[in-house]
Each structure stands twice: as C-alpha cells, then as structure tokens.
Amino acid sequence: MGYYKIAVVGAGYVGLVSACGFAELGHSVVCVDKDGERVSKLKDGILPIYEPGLEDLLRRKLSDGSLRFSDDLKEASEWAQVIFICVGTPPREDGSADLSQVEEVARGIASVINDYKLIVEKSTVPVKTAQWIKRTIELYGGKGKDYDVASNPEFLREGSALYDFFNPDRIVIGVESERAESILRDVYSKLSAPILVTDINTAEIIKHASNSFLAMKISFINMIADLCEVVGADVKKVAKGMGLDKRIGEAFLNAGIGYGGSCFPKDLKAFIRIAEEHNVDFSLLKEVERINESRVKRFLRKIKSVMWVLKDKEFAIWGLSFKPNTDDIREAPSLKIAPLLLAEGVSLRLYDPKAMDNFRRVFPPSDRVRYFDDPYSALRGAHALVILTEWDEFKRVELSKVKELLLTPIVFDGRNVYDPEEVRAVGLEYYPVGRGSLSR
Ligand code: NAD
C-alpha cells in the first residue's frame, strides 16, 4: 500500500474524525478550516466538539507529527496528493443543499493545482455535484491541469464516529478513472470493509438514498407506535418481531419523538428537492418528513392531556442532544419542545451529560430556564420528568429516587428508555411512546 499526503478540508464532525482516522491509518494529514479560532484550539489538542475517543486520538496524532491543522487552504492543497472536502452542506430555505462552502473550496483548490491531485467529495451532496466541482475547477484556474474528482460519501454516526470510521459496513467510491480508484483503495487499504466502486453519480445517490431509507424506517415505526398506543399493543415488541426478520433488520426501528440531527432532516429535504428537479414523484419521502414533523406536536398533546394545566408548572427535561453520546443539538427535538413548553408558561429544569453548553447558547439561563449538573437535581420539585434523549446514564438511575424528588410522580419518556412495569412498580405514572394505551 501507499501512504499519502492528505488534506481534509473542514474540521467539523466528519472532517475531524476523518483527519484523525487517516493519520491513524498511516497517512500524513493536514486538516484545514477557515475558522481560525477553531484551528488554533485544535493545534493545542482542544476539540470543538464532543465525540467519544476523539480527543485522545487527536492528541496522539498531533504528538507523533502525522496530523497538523491549518487555516491556509492553498498551502494545504499544494502540499497534498489527495484532498477530501468535508465542509458543511446545510439546507437552503427551499430544502435544497447550500453548496456555497463546497464551491468556495473547489475555487481555492483550482488555483493551486501543481501536479496530480485527487479531489474527493466526502460531504453529503446532491447527485451531479462532482460535475459542478469539475466545472468550478476548470473556470478558476484548473483548466488543463492534472486532477480527478471522486465521491466517497461518509456514513459515520455521531456518538460512535471513530468506531464507524475504522469499521464501516462498506466504503463507497465513485470514480471516473482507474488512477482515482487505485488511490482511494490504497488510502483505505488497512480497513477490512467491502469496497463498492461505482460511477460518481451513483455514489452520490447512495448516500442520500441510504439516509432517506433510514428516516423512512423511523417514520414507519412511529406510525406503528401510534397504532399501538390506541389499541394497547407494545411497539417495542412489534419492532422486535419485525426486526428479527433478516429482510427487515432491527436497526432504526426505535419509536419515539422522531429523528433529528444535522443529517436526516436536511438530507431528506435535499433528496426530495433533487427528485422534484428531475421530475421524479418521490412523494413517499414527503410523507416520511410530515410524519416526523408531527411527532413533537403529538408528544406535547400527550403531555397536556395528562398534566391538564401547564401554566406555572416546572418540568425537568433529561436529554437535549439529538441522540446519545454527542453534544450536537442541530435539529434536536429539544429545540422544538423547549420553546413550545415555555410558550405554555412552563419553567424548565434542564440536564444533559454533554449538550448543555450548546443548548445554553440558544436558551440562555433565566428564571424559567435553569441548568443542572446532574439528573437528580433537575428533578427536585418538578411536576414531571420529560426524557428527550436515551443517554445510558438515564437507563441507570434509581427510579425510586426519581419518584422521591418529583413533586408529582409523572414521567413522559419520548425515547422508551425504561421497562414500563419497573417504572410503574415504584409508583411513577409513566407515559412512553407506543406502549399500550394511556393508562397509568
Ligand atoms: P460541520 O458543520 O460540523 O463542519 C463543517 C466545517 O467546515 C466547519 O468547521 C466550517 O468552519 C468548515 N468550513 C466551511 N467552509 C470552509 C472552507 N471554505 N474552508 C475550510 N473550512 C470550511 O459539518 P459536519 O457535521 O462535519 O458535516 C460535513 C458534511 O458531512 C456535511 O455535508 C454533512 O451532511 C456530511 N455528513 C455529516 C455526518 C455527521 O454525522 N455530522 C455524517 C455523514 C456525513
């Protein structure tokens, strides 16, 4: 195998994990970000995000010299043989992907192509983006230069991103030349995952199709949960019974208050737009989105139906991140539920193991928004506990203590963390999602 000089552009969740991962695989890596403050902290080994295991790896790679950070895209691009684009592709107002960060990077690279470069899109992008990257490179100084553009979509999950980097289910490589294919095979040669080589358009679609499919599974099971709630069945057992069928699989069949995060909502929207732009009627995905958007309202209706009057009540909220093991709150249900409860006159007592700093920036502490350092303190005197993220820490709490600390012993569990019988056995009223009727 060959070792490469790799530039990773964008020091966010994907860029940082990839940069540290490539360095660990033996490559020499520079990670570039235009945010100078972020870069200077990273040079000191300080991570701007929380991701299990990443800080350790970052420090090891900084100290063995295989990884460095820079805010100079041009210098990094001149130096590197392979350039991975890992910048953000946020949604625009109409749902389509905003590709301005990708274009900016392509322009930056174009002017400094000296010898052969392999430019790889790792950001999640709409089909045909590689063609636009090539056109941009041609327009901004790359015409006649020796380079390839390839697609290598990223499938890591926040919270287990490092594990996913080193143990992917598959590596998808979309290429137009044997040279590009052989370099990317080499870059990943130490990983044992199957490598699927396709044309570039296909690779781009694989990423959007995968995320849309997973989102569809979640919306599907959430509708089953609604039915279970009405007829008195248990969605967890239904999901188990379905998931044991190998054709279905158990993953992504957890009913709750819906998916969030920086990927599913935005990627689904972008894929819907792509289908529309190409006159393909993919209304199935619109329904997936509609179901997801209705989850929070339904959860709130449930809370109101149990609590009767919300005004001047205090609620403890456990879990602010969009899923466990991350500090990421982008598109988290907590961001929708907190303002709705505040508008009803509820005061919030908040706890999350990692996401409180990010949440504080959106909801600064006040008389009605208070933050606590441990889950139990958040409960003291509250009229109800509302669970929005299934952190392991919540699974391990002493339920009798929860009962003792709450003013009124009511638990709304948006993530089905507990066994209903165990919770009810300690005298708590328990309202999970899709597990029997609303009986107490
Ligand atoms: P992020 O917002 O955490 O990070 C993006 C970084 O790019 C930021 O630090 C930003 O400062 C930097 N950046 C923007 N423009 C730049 C430029 N011109 N030059 C240098 N740096 C620049 O984003 P993320 O969550 O890491 O996601 C990146 C891409 O990967 C997105 O397309 C996303 O959809 C995709 N993706 C994300 C995940 C995930 O779990 N977060 C998983 C798979 C794929």
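Whatever order the structure lists ligands and atoms in, that order sets their numbers, starting from 1. All values below come from the heavy atoms of this structure, side chains included, with hydrogens, waters and symmetry mates left out.
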Problem - Aromatic ring pairing Tyr4/His27, orientation class (parallel under 30°, perpendicular over 60°, tilted between) - result: tilted
Exercise for the section: Look only at interatomic distance and state if Val14 has a nitrogen or oxygen under 3.5 Å from any nitrogen or oxygen of ligand 1. Expected result: yes
Exercise for the section: Say whether Ser219 and Asn292, considering side chains only, have a donor N or O and an acceptor N or O under 3.5 Å apart. Expected result: no
Exercise for the section: Among all protein heavy atoms, pick the one closest to atom 13 (N) of ligand 1 and tell me residue, atom and distance. Expected result: Val87 CG1, 3.7 Å
Problem - Exercise: do Thr202 and Asp199 side chains pair donor with acceptor under 3.5 Å - result: yes
Handout entry: Protein contact of atom 43 (C) of ligand 1 - nearest heavy atom, named by residue and atom, plus distance
Key = Glu154 O, 3.3 Å
Practice task
Compute whether any side-chain donor of one residue and acceptor of the other, for Glu289 and Tyr259, lie under 3.5 angstrom apart.
Solution key: no
Handout entry: Nearest non-hydrogen protein atom, atom 41 (N) of ligand 1
Key = Glu158 OE2, 2.7 Å
Handout entry: Any donor-acceptor N or O pair under 3.5 Å, side chains Tyr50, Asn325
Key = no
Problem - Polar atom proximity, Lys266 to ligand 1 (N or O, under 3.5 Å) - result: yes
Completion exercise
In ligand 1, the atoms that come under 4.0 Å of a heavy atom of Arg38 are 9 (O)
Fill in the blank from the handout: The closest protein heavy-atom partner of atom 6 (C) of ligand 1 is Asp33 OD2, 3.6 Å
Exercise for the section: For Glu121 and Ser151, indicate whether the former's side chain and the latter's backbone hold a donor-acceptor pair under 3.5 Å. Expected result: no
Exercise for the section: State whether a side-chain donor-acceptor pair under 3.5 Å links Ser189 with Asp186. Expected result: no
Handout entry: Polar contact flag for Lys34 and ligand 1 (N/O pairs, less than 3.5 Å)
Key = yes
Handout entry: Protein contact to atom 4 (O) of ligand 1 [nearest heavy atom, distance to 0.1 Å]
Key = Gly12 CA, 3.2 Å
Practice task
Using distance alone, decide if ligand 1 has a nitrogen or oxygen within less than 3.5 Å of any nitrogen or oxygen in Lys122.
Solution key: no
Fill in the blank from the handout: Counting heavy atoms under 4.0 Å, the part of Ala161 that contacts ligand 1 is neither
Handout entry: Ligand-residue contact atoms, ligand 1 with Ser262, heavy atoms, under 4.0 Å
Key = 41 (N)
Handout entry: Per-atom contacts of ligand 1 with Gly88, taking only distances under 4.0 Å to non-hydrogen atoms
Key = 5 (C)
Practice task
Determine whether the side chains of Ser294 and Arg298 contain a donor N or O and an acceptor N or O closer than 3.5 Å.
Solution key: no
Practice task
Report yes if some N/O of Arg330 lies less than 3.5 Å from some N/O of ligand 1; otherwise report no.
Solution key: yes
Handout entry: Plane angle bin for Phe165 and Tyr188 - parallel if under 30°, tilted between 30 and 60°, otherwise perpendicular
Key = tilted
Fill in the blank from the handout: Ranked by distance from atom 32 (O) of ligand 1, the top protein heavy atom is Thr89 OG1, 2.6 Å
Completion exercise
closest protein heavy atom to atom 14 (C) of ligand 1 is Gln101 OE1, 3.0 Å
Practice task
Report yes if some N/O of Thr124 lies less than 3.5 Å from some N/O of ligand 1; otherwise report no.
Solution key: yes
Problem - Within-cut-off N or O pair, Arg157 and ligand 1, under 3.5 Å - result: no
Exercise for the section: Would you mind telling me if ligand 1 is within reach of the side chain of Val9, the backbone, both or neither, using heavy atoms under 4.0 Å? Expected result: side chain
Problem - Ion pair Asp234/Lys236, N-O distance below 4.0 Å - result: no
Exercise for the section: Answer with yes or no whether the side chains of Lys266 and Thr89 bring together a donor and an acceptor at under 3.5 Å. Expected result: yes
Exercise for the section: Check the side chains of Asp72 and Ser70 for a donor-acceptor pair under 3.5 angstrom, ignoring hydrogens and angles. Expected result: no
Exercise for the section: Kindly write out the residues that satisfy side-chain contact (heavy atoms from CB on, under 4.5 Å) with Ala11, not counting sequence neighbours, or none if the list is empty. Expected result: Leu16, Cys31, Asp33, Arg38, Leu42
Exercise for the section: Report yes or no: do Tyr351 and Asp373 form a side-chain donor-acceptor pair below 3.5 Å? Expected result: no
Practice task
Any atoms of ligand 1 less than 4.0 Å from a non-hydrogen atom of Val105? List them with their elements.
Solution key: 17 (C), 18 (N)
Problem - Minimum-distance protein heavy atom relative to atom 7 (O) of ligand 1 - result: Gly10 CA, 3.4 Å
Problem - Residue Lys207 vicinity, atoms of ligand 1 by number, heavy atom under 4.0 Å - result: 43 (C)
Exercise for the section: Using a 4.0 Å heavy-atom threshold (strictly under), name the region of Cys86 that reaches ligand 1: side chain, backbone, both or neither. Expected result: backbone
